[in-house]
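Report on the structure given below.
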Amino acid sequence: MVRYIEENITKMLETKIISKSEVLYAGGDDGDTSPATKVFQDFQINEEDVGRGGGGLIRSWVDSMRACSPSHLKPFNKQSSWIKEHPSALNMFEEILHESEGKQIVMFLDYDGTLSPIVDDPDRAFMSNKMRNTVRKLAMCFPTVIVSGRSREKVYSFVKLTELYYAGSHGMDIKGPEQNSKYKKKTQSLLCQPATEFLPVISEVYMKLVEKTKSIQGAKVENNKFCASVHFRCVDENKWSDLAHLVRSVLKNYPKLMLTQGRKVLEIRPIIKWDKGKALEFLLESLGYENCTHVFPIYIGDDRTDEDAFKILRDKKQGLGILVSKYAKETNASYSLQEPDEVMDFLERLVEWKNLTSGE
């Protein structure tokens, strides 16, 4: 049942949406090994690197940046075993329908690289009108959520559909449909913002990063409200180390923030255990599907941050994840699609199947 959540983490604790053990801060000595802490340890900001001025740390950052770059990944034709483990969702469409038989499908869709192509300028990541119409039809058939690292307002400005759920800032800013959704009660609204107390520090860090990175040609800093993004897609690879040094010089003074990575983007986020996987769980609960065996979530995404949601579905053996990628890479997703056009084809087939089976 959709319910309103107060806009701060204290309320989230009181309502038991998250527990005290899930609120994580840098420099803790409690031995926590939860996934959120592990992510932070993978991209440490203040790690000691005596005598090298942080050189070893920065090299590890750059190695990670390079490893996630598509130009360094192996295409499918050189990884036939990978495609066998993660077959095309289009080729396996009938099997997916069989898996979902008798269950309520709930759709979760990433935006960049999933509904729109990846572009050099993140402010021009427009979705096509055809894709928009497809998503509109999808939302008439199933509860549909857009889950993005962008701010909720920014991703809405791209999608422009009022009948969807939007989870911006990697799920730290969730709002229900404004209208025209049969899956939302008219008198109720949904709002979940578990990181509100971090808004001032994110804004401060964003402004410092903008100033610091001016010297790096092609770098772009984006304020996504509850997180900030440093895009390096247009930065010469020889300058990645310089960029990493500048980012670290800012973040080392903010122990309650962590650094994670997406596709040619560094993400600065609050250290709380909240991600796209947590957002998925929260939304399923809000829709009345908590611990329900008759729901079938389908999550489609292309980024490393989508893995949190893929893992939730795999661990629960509920629904499935679909990775959008032309390259073979480690993933918790069960199936794959190569590009947004294939995503649109898959969504169109879902809509067609639903309309046929419901007699519409």
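All residue numbers refer to positions in the sequence shown, counting from 1. Values below: every heavy atom of this structure, side chains too, minus hydrogens, waters and symmetry copies. This one's a predicted model, so the numbers in the text were calculated from it and none came from an experiment.
From D306, atom CG reaches atom CG of N332 across 11.5 Å, with rounding to the nearest 0.5 Å. Atom CD of E307 sits about 11.5 Å away from atom CG of D275, to the nearest 0.5 Å. With rounding to the nearest 0.5 angstrom, the OH atom of Y299 is 8.5 Å from the CG atom of D308. Going from atom NZ of K225 over to atom OH of Y206 covers 15.0 Å, rounded to the nearest 0.5 Å. How far CD1 of I216 is from NZ of K239: 6.0 Å, rounded to the nearest 0.5 Å. Here the straight-line distance linking atom OG of S151 with atom CG of N223 works out to 7.5 Å at 0.5 Å rounding.
You'll find the side chain of P297 reaches within 4.5 Å of the side chain of L284, heavy atoms only. Taking the side chain as every heavy atom from C-beta outward, L138 and L109 approach each other to under 4.5 Å. The closest side-chain heavy-atom distance from D302 to I118 is below 4.5 Å. Contact of the P270 side chain with the M172 side chain is registered, since non-hydrogen atoms from C-beta on lie closer than 4.5 Å. In this structure, W240 and E237 have side chains that are in contact, with non-hydrogen atoms separated by less than 4.5 Å. A heavy-atom distance below 4.5 Å is not found between the side chains of K175 and Q193. Here the side chains of D123 and K220 are in contact, with some heavy-atom distance below 4.5 Å. At least one side-chain heavy atom of I202 sits under 4.5 Å from a side-chain heavy atom of L257.
Annotation: E204, atom CD; neighbour count of heavy atoms from other residues, nucleotides and ligands within 6.0 Å is above 12.
Of all non-hydrogen atoms in L320 and I96, the two that sit nearest each other are CD2-CG2, 3.9 Å. The nearest pair of heavy atoms linking S148 to D110 is CA-OD1, 4.1 Å. Heavy atoms only, all atoms of each residue included: A333 and G321 are closest at CB-O, 3.5 Å. Closest approach of I272 and F198 over heavy atoms only: CG2-CE1, 3.8 Å. Between P87 and S334, the shortest heavy-atom contact is CD-O, 3.7 Å. I83 and S336 make their closest contact through CD1-OG, 3.6 Å (heavy atoms, listed as atom of the first residue, atom of the second, distance).
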Please step through side chain to side chain contact (heavy atoms under 4.5 Å, CB included) for the pair L199 and T196, ending with a clear verdict. CA-CA 6 Å; L199 284 173; T196 301; 4.0 Å; yes
Evaluate Y165 against V147 for side chain to side chain contact (heavy atoms under 4.5 Å, CB included), listing each step before the verdict. CA-CA 9 Å; Y165 291 83; V147 189; over 6 Å; no
Does M131 form a side chain to side chain contact (heavy atoms under 4.5 Å, CB included) with F126? I'd like the steps, not just the answer. CA-CA 10 Å; M131 178 68 88; F126 304 122; over 6 Å; no
Candidate pair L161 and R132, rule side chain to side chain contact (heavy atoms under 4.5 Å, CB included), full reasoning: CA-CA 8 Å; L161 295 175; R132 182 175 293 103; 4.0 Å; yes
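Using a 4.5 Å cut-off between side-chain heavy atoms of Ile, Leu, Val, Met, Phe, Trp and Tyr, with links allowed through other members, V119 and V324 fall into different hydrophobic clusters. Transitive grouping of hydrophobic side chains (ILVMFWY, heavy atoms separated by less than 4.5 Å) keeps V265 and L209 in distinct clusters. When hydrophobic clusters are built by joining Ile, Leu, Val, Met, Phe, Trp and Tyr residues whose side-chain heavy atoms come closer than 4.5 Å, directly or via intermediates, V210 is grouped together with F226. By the rule that hydrophobic residues join a cluster once side-chain heavy atoms approach within less than 4.5 Å of another member, M107 and L90 end up as members of one cluster. Linking ILVMFWY side-chain heavy atoms closer than 4.5 Å, directly or via other members, places I300 and L97 in a single hydrophobic cluster.
Salt bridge absent: D112 and R263 never bring a charged side-chain N and a carboxylate O closer than 4.0 Å. At a threshold of 4.0 Å, the pair E281-K316 counts as salt-bridged, since one of the basic side-chain nitrogens sits closer than that to a carboxylate oxygen.
Between the side chains of T260 and E267, no donor-acceptor pair of N or O atoms lies under 3.5 Å. Residues K276 and T305 bring a donor and an acceptor atom of their side chains to less than 3.5 Å of each other. Side-chain contact of Y289 with Q318: a donor-acceptor pair under 3.5 Å is absent, judged by distance alone.
Relative orientation of the Y111 and F158 rings is parallel, given thresholds of 30° and 60° on the angle between their planes. By the 30° and 60° cut-offs, the orientation of the rings of F142 relative to W353 is parallel. Using the six-membered ring where Trp is involved, F346 and F93 have ring planes that are perpendicular, over 60° apart on the 30 and 60° scheme.
The backbone N or O of N224 lies less than 3.5 Å from a partner atom in the side chain of S169, making a donor-acceptor pair.
For K212, the side-chain contact (heavy atoms from CB on, under 4.5 Å) partners two or more places apart in sequence, or in a different chain, are L246, S249, V250.
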